[in-house]
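Structure first, commentary second.
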Number of protein chains: 2
Amino acid sequence: MKTVPLHSAKKPAVACNNCSLSELCLPRGLTREELELLESSINKTVKIKKKDYLFHRDDKQQSIFAVKAGAIKTSLSTPDGEEQILGFYLPGDLLGFDAFARDRHTCDAQALDDTLVCELSMDNFQELCGKLPAMRGQMMRQIGSELEREQMLLLTLGQMRTEERLATFLSSLSERNKERGFSSNEFNLPMARHDLANYLGMAVETLSRMFSRLQEEKIISVQHRLVKIEDMARLKQLAHHTCHPAGDVL
Amino acid sequence: MKTVPLHSAKKPAVACNNCSLSELCLPRGLTREELELLESSINKTVKIKKKDYLFHRDDKQQSIFAVKAGAIKTSLSTPDGEEQILGFYLPGDLLGFDAFARDRHTCDAQALDDTLVCELSMDNFQELCGKLPAMRGQMMRQIGSELEREQMLLLTLGQMRTEERLATFLSSLSERNKERGFSSNEFNLPMARHDLANYLGMAVETLSRMFSRLQEEKIISVQHRLVKIEDMARLKQLAHHTCHPAGDVL
DNA sequence: ACAGCGCTTTGATTTACATCAAGAAAGCAT
DNA sequence: ATGCTTTCTTGATGTAAATCAAAGCGCTGT
């Protein structure tokens, strides 16, 4: 097993403590020393072009990743070419946990845009988990969030009608933006209609109709990817199925 | 934090090494000494009567649990009383990971039958994770499986038609039984129609119709909860959407 | 045994959504 | 700009599955 230099002589390429995402990402709750150890363990930041893959299903797991800029979607696909999008990962989100079961990724991860991710190798990850209980705790929380997010999506797909699904999605994207200090009333969708429809388990046409419907009802206004929430109360009401205020990823 | 006696004088109440489930449960891959440490950390085994709850949503997480006998369902429910069943946990399955995100459970866990579970307190769990890398690894794998299982269910709910959903479910239950040394061709469903229908995101009536349809097509035969698979090849073909042979829980 | 209750199946009808089809708008290259 | 491709919206039609309704079956307990 590779060992991590405890205090590397030269300044690491990655500086988590300067990163605007440090409160959302792994560093949260770590002490100064722990943070330094983490920084020196981050292997590098990687650029991925739009439509390129960060990993494929069945790839051996090398690392876990943190999105720094851009957006990633993960999806499962079937022999006959059908796909189900499992999640959208935006800046501050971690991904790669899916491979914990068998050391191989269980889904594909593709960039929706030109994207920047930080990479932490599994070796380093394991070592940090052994050494730093706080780091292990933070990691557990991240995995827990992932589990929770998928559970919410199950509820959405299993129980809600299409309008509710969209309302729920918009409401949680809004929450998410608020948490990150962005506007909760006006934002751009990071994904195309096609991807969102698939994620929400409906046809693109249906999604489009639901956007129109919410607009007619004066709950939102949309043009292309720009969404404005005009009546948050009614949106939340439509999305009342949703139990959680929080949620880390979409 | 409580400390775990390294070698308790008296024999622990729990004997993982005698347990028929040790190959599926936490002990897998642990050395003799590690196993002893685990055994002495298991707090107790708990009995839960049919319809009683192991935990509720928002309960503070005290423990993780391993099902020894019986069956547990986990579910999410909405303010207006709708429910989505998230998983069925059978002997050898672990549950409780959902609380990792916020130290509180994100779903309810209810016994489908009189049930026996082993309980490992979070304190002991944390301690073991720090001490035993093998144990931490096994735990990560378990969590990974949970994530993977939920992903498969998302694919099922998002993309499949009702007949495919049932076929997929039966096929994976069959696999699961084979792995545990039970018959893969003939088994009892551990849950009522109502619960299965909800889990698969359809109405009870539709589920019933799909059972009938599969029976008409001579793929299975059903009476009450007893299912016989008459034509495994065609069942798998119907369930072709499913990518994975494995899968730990349902 | 019987009644009574919950669970399951089957049938008739309705409906939400998918599919099919076409047009409008936006992005991209030349 | 111009045309071309891709993405998105809207309309018309079809269908899978929900809902409504009722009957059959298998429990439980008296």
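Numbers restart at 1 for each chain; the letters A, B, ... are given by sequence-line order, proteins then strands.
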Q) Ignoring hydrogens and angles, are the base of D:dC8 and the side chain of A:Glu205 linked by a donor-acceptor pair under 3.5 Å? A) no
(Q) Once you apply a heavy-atom cut-off of 4.0 Å, does A:Arg209 come out as touching a base, just sugar-phosphate, or nothing? (A) base
Q: Take the protein atom CE of A:Met210 and the nucleotide atom P of D:dG11, then report the distance between them rounded to whole Å.
A: 14 Å
Q. Nearest-Å distance, CZ (A:Arg193) to P (C:dG27)?
A. 12 Å
(Q) Between C1' on D:dT9 and CG on A:Leu189, what's the gap in Å once rounded to a whole number? (A) 15 Å
Q: Select one nucleotide: of C:dT10, D:dC8, C:dC17, the one nearest the side-chain heavy atoms of A:Ser208.
A: D:dC8
**Q.** Euclidean distance, atom CG of residue B:Leu200 to atom P of D:dA17 [Å, nearest integer]
**A.** 12 Å
Q: Select from A:His224 and A:Ala203 the residue whose nearest nucleotide in DNA chain C is closer to the 5' end of that strand.
A: A:Ala203
Q. Between D:dT10 atom P and A:Leu207 atom CG, what is the distance in whole Å?
A. 12 Å
(Q) Could you tell me how far apart A:Gln215 (CD) and D:dC8 (C1') are, to the nearest whole angstrom? (A) 13 Å
(Q) Can a side-chain donor-acceptor contact be found between B:Glu148 and A:Thr106 if the only test is distance below 3.5 angstrom? (A) no
Q) So what does B:Thr162 hit on the nucleic acid, given a heavy-atom distance under 4.0 Å: a base, only sugar-phosphate, or nothing? A) sugar-phosphate
Q | Lys/Arg N to Asp/Glu carboxylate O, A:Glu179 vs A:Arg176, below 4.0 Å | A | no
Q) Rounding to a whole Å, what distance do you find between B:His194:NE2 and D:dT19:C1'? A) 15 Å
Q) In this structure, which one of A:Leu147, A:Leu86, A:Asp98 forms a side-chain contact (heavy atoms from CB on, under 4.5 Å) with B:Glu150? A) A:Leu147
Q: Nearest whole angstrom, please: distance from the C1' of D:dC8 to the CD of A:Gln223.
A: 13 Å
Q) Would a line drawn from the ring center of B:Phe182 to the ring center of B:Phe187 be shorter than 6.0 Å? A) no
